[in-house]
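For the numbers below, each heavy atom of this structure counts, side chains included, while hydrogens, waters and symmetry mates do not. First the proteins, then the strands, lettered A, B, ... as listed; each starts at 1.
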Amino acid sequence: GQQLNQSPQSMFIQEGEDVSMNCTSSSIFNTWLWYKQDPGEGPVLLIALYKAGELTSNGRLTAQFGITRKDSFLNISASIPSDVGIYFCAGQLGNYQLIWGAGTKLIIKP
Amino acid sequence: GAVVSQHPSRVICKSGTSVKIECRSLDFQATTMFWYRQFPKQSLMLMATSNEGSKATYEQGVEKDKFLINHASLTLSTLTVTSAHPEDSSFYICSARAALAGSTDTQYFGPGTRLTVL
């Protein structure tokens, strides 16, 4: 099915470093979402974006909804061990169905 | 708010048996619930959309007679995998749409059910 282009696929970083990942689409979305999924768990909503250009923070996480409504990025500042997991972007359609990115696996080196 | 539970969290069954998975919205009413399956190292794949009191809408390629969905109340949807086979082994995740005051109007996910068919 339709998928968003999410990059990078995986990241190996040192604890304390900042992290950046992004998603792009050929389609316009009215809502962009960022989820985190831990192994064996369901996705947990981190940030929801509703307006083009919107910049929203949730603690050390910051996400922006691109002006064209076809892209979004997520930044994590000063990463800590519990940030490890898989991060998914998702574009929400009008019927509340989600189009998913392939995920970014974050691995933190001790 | 917006908590979704699933039961069971893990199930192992023999080939040919049927397995029922429950999805509940604990602190809100969900007119719409979604069922996904997820294979290792992959993203979530939508199987069906379930609206309370009506038949589920299945995605292309998902057999409705194989994956029975019932959404009998505003807080409960069930997925029954009928005559399960090893290829049905997967991680099944439900979500519920929440539109609550102070919450984001989007999908909130359950913790998932790991199905293993022997």
Part of [X] within contact of chain B (heavy atom distance under 4.5 Å):
| X | answer |
| --- | --- |
| A:Q6 | neither |
| A:Q92 | side chain |
| A:I86 | neither |

Subject >> Under 4.5 Å from a heavy atom of chain A, the part of B:E59 involved >> reply: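 The side chain, not the backbone.
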
Original post:
Given a strict heavy-atom distance threshold of 4.5 Å, which part of B:Q60 is in contact with chain A: side chain, backbone, both, or neither?
Top reply: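 Answer is neither: B:Q60 stays 4.5 Å or more from chain A.
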
**OP:** Kindly assign one of parallel, tilted or perpendicular to the pair B:Y92 and B:F67, based on the angle between their ring planes and the thresholds 30° and 60°.
**Re:**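 Aromatic pair B:Y92/B:F67 classed tilted.
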
**OP:** Evaluate the ring planes of B:Y36 and A:W100, with Trp represented by its six-membered ring, and classify them as parallel (under 30°), tilted (30 to 60°) or perpendicular (over 60°).
**Re:**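 B:Y36 and A:W100: perpendicular rings.
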
Subject >> A:K109, NZ: over 12 other non-hydrogen atoms inside 6.0 angstrom >> reply: yes

**OP:** Enter the distance from B:F39:CZ to B:F91:CZ here, rounded to the nearest 0.5 Å.
**Re:** 13.0 Å

Original post:
Which value, rounded to the nearest 0.5 Å, describes the distance between A:F65 atom CZ and A:K51 atom NZ?
Top reply: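 A:F65 CZ to A:K51 NZ: 11.5 Å, rounded to 0.5 Å.
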
Subject >> Pairs of heavy atoms under 4.5 Å with chain A: top-ranked of B:L46, B:V4, B:L44 >> reply: B:L44

